[in-house]
Amino acid sequence: MSRDTDTTCGGSGRSSRTGGTEGTQGKSRNSVVRYTDDGDDGDDVDGSDDRSGTQVYAEPSVRLRLCHVIHTRQPVRGGGRQAVAGGGEATGAGRVPEGAEQGPGAEQPGNGGGAGSPRVSIMASASTSKYNSHSLENESIKRASQDGVNQDLSETVPRLPGEMLITDKEVIYICPFNGPIKGRVYITNYRLYLRSLEMDSALILDVPLGVISRIEKMGGATSRGENSYGLDITCKDMRNLRFALKQEGHSRRDMFEILTRFAFPLAHSLPLFAFLNEEKFNVDGWTVYNPVEEYRRQGLPNHQWRITFINKCYELCDTYPALLVVPYRASDEDLRRVATFRSRNRIPVLSWIHPENKTVIVRCSQPLVGMSGKRNKDDEKYLDVIRETNRQISKLTIYDARPSVNAVANKATGGGYESDDAYHNIELSFLDIHNIHVMRESLKKVKDIVYPNVEESHWLSSLESTHWLEHIKLVLTGAIQVADKVSSGKSSVLVHCSDGWDRTAQLTSLAMLMLDSYYRSIEGFEILVQKEWISFGHKFASRIGHGDKNHADADRSPIFLQFIDCVWQMSKQFPTAFEFNEQFLITILDHLYSCRFGTFLFNCESARERQKVTERTVSLWSLINVNKEKFKNPFYTKEINRVLYPVASMRHLELWVNYYIRWNPRIKQQQPNPVEQRYMELLALRDDYIKRLEELQLANSAKLSDPPTSPSSPSQMMSHVQTHF
């Protein structure tokens, strides 16, 4: 809902975090604190992955891509003083570069290769090392930054404004690639930071605590094996960490309690770090998405569709946004009656309208049919009103994201689907996308085959056994069907799964990305995520488990990761169609877990308003939009109204190695793509020519009293310069 519209239900408005002084008051940014110590969609009754009769695909030709690892890091030089562990002081406060946290948790062993490295087939990546998550993270202690990260030079520990050092300990890091490494670990209220103490190793670990899923003690008081006593940490970003500690002095107990307290703050009545973060940016990411402006861009409202504020106090549906677009002929009272027959009151509302043929994408949840086959005349009439908003179509297409067997099983819990008997003038199709439980188990299998070791001998069969790419294929195939139906003008489309906040969000957002080139820009993609995922109630808190210690929660599922993976697959097939690069997508995923920003916190818009998230936290889009150049795709060619239809076959889908296997330094480093490298050089050369022309123009204008007759602007003068690219 537009913040300028007087439709709020009380409470103060959002105040900008840019350049102001608000934040946690009375707290030193360099303080040292010492401690001694379903769902559906979850929802599908059939939570198992029923694969009887599943087609067996030929082993996919997965083209592994490298992940670049830099093996050394240099401290910066600078002035200033900061408090350090132990109460001492050290001179020199530096700053890390822009976007230093864009690849949280980079691990850089000094020796990335070695015998036994799997001989994995590597294909050239479309991204140069400039955009690689590791190279960005590795630079985090080398240069100055606008990102707001402070660094204590004596310990080379980067710190954000509002980040406090809690403790530090000497440990043995059990590196899965290079064996035991002696180091010192620093724990703040935001991150776990390890620096090697060995002369022949420059290893650095920088892990936001929000990434941690589980902390376990390994070994006991009677353990006698070398490095058998310590902590085992499971992370949400495809890796595990293991630390060995001394048995005397309660060193393990202290570290375990501190990590548990700050990695899972909600379980200890502590705030998430996003509410303590005092970073300031000169761009306010919270202003990126204004629903009224976005619907106006789509040409709404019009004679067939209207904007309603019936949900302004979240009374109609507490998981929907305050502003909704509904058929002009449907009154607010009609909407209330329809809500009683839709799961969680998530009524059919418009997501996107085609600018020419006026067919629409509508989203909702399942109807509450139940085992008795209940009907609701208001719901049936409402779907017919949606169909009639476009007089050129005779039927409304309903895409139910679930497998048909799961949709039928959901009748047992009061759900169901739209049958031909009750709903006339519809076409119903099931898209066979499995539920959150199946996706969670599939990703676990992916982790098993990529971390810590990649098995070369059985790689393709192991990857196929995870079914991950098969799930990616089904999601993409469903989105293609939605986009094609709308683009052709044959029918408007209604999309739902069970509750309409997981698979539904995947399908609508991917279809909109295929149909609308605006969403392929950096700002447009941010709006797409804010609109279809954040404001429409994807359960980020439940699916990710921000600050929650219950790692076995059945609501956890990588639904949003799966969506970003699908976007990456599209960007590989259409390398000039997206303004953003791979690093942009990785940065979004890294901060999905980090809890540094408020963007992905909580389950719905109403919960964010109660917690005043836009007032009390920083938006991820602030970090990205102040550093846009590093997230831009150099090959981007802006096109209007071009529909993208990716090839959703197993032969054309790849495992995203630069994300899933980025922690493994044994994947041989590959040189940057020569084509992209040369293209970047030519762009830099062009910019240099333009700069020289501007300097010459200024010099000439100072010398000559009369204006020259030649072209005056740099762009005009460029046409007279012969540059053979």
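We're numbering straight along the sequence, starting at 1. Note: hydrogens, waters and symmetry copies are ignored here, and every other heavy atom, side chains too, is used.
- For the residue pair Ser365 and Asp499, the shortest heavy atom distance occurs at CB-O, 3.4 Å.
- Using modelled atom types, no side-chain atom of Asp565 and backbone atom of Leu561 make a donor-acceptor pair closer than 3.5 Å.
- At a threshold of 4.5 Å between non-hydrogen side-chain atoms, the residues Thr319 and Asn603 do not count as touching.
- Using a distance-only test at 3.5 Å, with no hydrogens or angles considered, a donor-acceptor pair links the side chain of Tyr320 to the main chain of Ile347.
- Minimum interatomic distance between Thr359 and Val486 (heavy atoms only, all atoms of both residues): OG1-O, 3.0 Å.
- Within the 4.5 Å cutoff, no side-chain heavy atoms of Arg543 are placed close to those of Leu592.
- A donor-acceptor contact closer than 3.5 angstrom is absent between the side chains of Asn376 and Glu380.
- Of the possible donor and acceptor atoms, one in the side chain of Arg520 sits under 3.5 Å from a partner among the backbone N and O of Met514.
- Listed by chain and number, the residues in a salt bridge (charged side-chain N to carboxylate O under 4.0 Å, His left out) with Arg329 are Glu388 (sequence neighbours excluded).
- Side chains of Phe600 and Ile544 form no contact here, defined as non-hydrogen atoms less than 4.5 Å apart.
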Exercise for the section: Any chance you could lay out the salt bridge (charged side-chain N to carboxylate O under 4.0 Å, His left out) test for Arg297 and Glu294, step after step, and finish with the verdict? Expected result: CA-CA 5 Å; Arg297 184 191 69 84; Glu294 168 55 17; 3.0 Å; yes
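- Annotation: the span from Arg610 atom CZ to Lys612 atom NZ amounts to 11.0 Å, rounded to 0.5 Å.
- Without hydrogens or angle criteria, Gln506 side chain to Phe560 main chain gives no donor-acceptor distance under 3.5 Å.
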Practice task
May I have the step-by-step check of salt bridge (charged side-chain N to carboxylate O under 4.0 Å, His left out) for Glu470 and Lys473, ending in yes or no?
Solution key: CA-CA 5 Å; Glu470 183 181 335; Lys473 173 196 168 183; over 6 Å; no
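- Although no hydrogens or angles enter the test, the distance criterion places no donor-acceptor pair under 3.5 Å between the side chain of Ser622 and the main chain of Val618.
- Residues Pro646 and Leu476 come closest through the heavy atom pair CG-CD2, 4.4 Å.
- Using modelled atom types, no side-chain atom of Arg503 and backbone atom of His496 make a donor-acceptor pair closer than 3.5 Å.
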Practice task
Kindly determine whether Thr308 and Asp332 satisfy side-chain contact (heavy atoms from CB on, under 4.5 Å), including the steps that lead there.
Solution key: CA-CA 8 Å; Thr308 177; Asp332 284 357; 3.1 Å; yes
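- Put simply, the side chain of Thr614 does not reach to within 4.5 Å of the side chain of Arg608, judged on heavy atoms.
- Of the N and O atoms on the side chains of Trp305 and Tyr295, not one donor lies less than 3.5 Å from an acceptor on the other residue.
- We find the CD1-CG distance between Ile398 and Leu383 to be 5.5 Å, quoted to the nearest 0.5 Å.
- One finds the CD atom of Gln562 at 11.5 Å from the CD1 atom of Ile564 (value rounded to the nearest 0.5 Å).
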Problem - Asp379 vs Arg342, side-chain contact (heavy atoms from CB on, under 4.5 Å): CA-CA, chis, key distance, verdict - result: CA-CA 8 Å; Asp379 191 74; Arg342 290 283 165 175; 2.9 Å; yes
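- No side-chain donor-acceptor contact under 3.5 Å links Asp516 and Gln298.
- Across all non-hydrogen atoms, the minimal contact from Leu653 to Leu469 is CD1-O, 3.7 Å.
- Counting non-hydrogen atoms of neighbouring residues, nucleotides and ligands closer than 6.0 angstrom, the NZ atom of Lys395 exceeds 12 such neighbours.
- Asp421 and Ser419 share no side-chain donor-acceptor pair at under 3.5 Å.
- Aromatic pair Tyr636/Phe578: ring centres not closer than 6.0 Å.
- The minimum heavy-atom distance between Ala483 and Leu515, with the atom names listed, is O-CD2, 3.4 Å.
- Annotation: side chain of Gln481 is in contact with side chain of Leu431 (closest heavy-atom distance under 4.5 Å).
- Asp555 contributes no side-chain N or O that, together with a main-chain N or O of Ser542, makes up a donor-acceptor pair within less than 3.5 Å.
- Rounding to the nearest 0.5 angstrom, the gap separating the NE2 atom in His538 from the CZ atom in Phe563 is 10.5 Å.
- Side-chain contact between Met512 and Lys531 is present, with heavy atoms from C-beta onward closer than 4.5 Å.
- How far OG of Ser571 is from CG of Leu585: 6.0 Å, rounded to the nearest 0.5 Å.
- In terms of the side-chain hydrogen bond (donor to acceptor under 3.5 Å, both in side chains) criterion, Thr599 has no residue partners (sequence neighbours excluded).
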Practice task
Dump the intermediate steps for salt bridge (charged side-chain N to carboxylate O under 4.0 Å, His left out) on Asp384 and Lys381, then the final yes or no.
Solution key: CA-CA 5 Å; Asp384 215 39; Lys381 179 182 176 182; over 6 Å; no
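- Of the charged side-chain nitrogens involved, at least one lies within less than 4.0 Å of a carboxylate oxygen, so that Arg336 and Glu333 count as a salt-bridged pair.
- By the 4.5 Å heavy-atom criterion applied to side chains, Ile534 and Glu605 are not counted as neighbours.
- The main-chain N or O of Phe631 is never found under 3.5 Å from a side-chain atom of Gln583 such that the two would form a donor-acceptor pair.
- In the model, Thr397 has a side-chain atom that pairs as donor or acceptor with a side-chain atom of Ser491 under 3.5 Å.
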Exercise for the section: Check step by step if salt bridge (charged side-chain N to carboxylate O under 4.0 Å, His left out) holds for Glu639 and Arg642. Expected result: CA-CA 6 Å; Glu639 296 178 298; Arg642 179 193 176 193; 2.8 Å; yes
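- Aromatic ring pairs are classed by plane angle as parallel below 30°, tilted from 30° to 60° and perpendicular above 60°; the pair Trp533 and Phe540 is tilted.
- Within the 4.5 Å cutoff, side-chain heavy atoms of Pro348 are placed close to those of Tyr382.
- Here the CD1-CG distance, from Ile480 to Leu507, works out to 11.0 Å after rounding to the nearest 0.5 Å.
- Stacking of Arg387 on the aromatic ring of Tyr423 is not recorded, the 6.0 Å distance cut-off and the 45° axial limit not both being met.
- Checked by atom type and distance alone, the side chain of Gln530 never pairs as donor or acceptor with a backbone atom of Tyr289 at under 3.5 Å.
- When every heavy atom of Arg402 is checked against every heavy atom of Gly416, the shortest pair comes out as NH2-O, 2.8 Å.
- Looking at Ser351 and Glu532, their side chains do bring a donor and an acceptor atom within 3.5 Å of each other.
- Between Phe430 and Tyr417, the ring center distance clears the sub-6.0 Å criterion.
- Judged by distance alone, the side chains of Asp502 and Ser557 never bring a donor and an acceptor atom under 3.5 Å apart.
- With 3.5 Å as the limit, one finds a donor-acceptor pair spanning the side chains of Ser498 and Asn410.
- Every pair passing ring pair (Phe, Tyr, Trp, His ring centres under 6.0 Å) that includes a residue from residues 347-367 is listed here, sequence neighbours excluded: Trp352-His354.
- Using modelled atom types, one side-chain atom of Asp284 and one backbone atom of Trp286 make a donor-acceptor pair closer than 3.5 Å.
- Taking the six-membered ring where the residue is Trp, Phe584 and Phe525 present perpendicular rings, their angle passing 60° and hence far from 30°.
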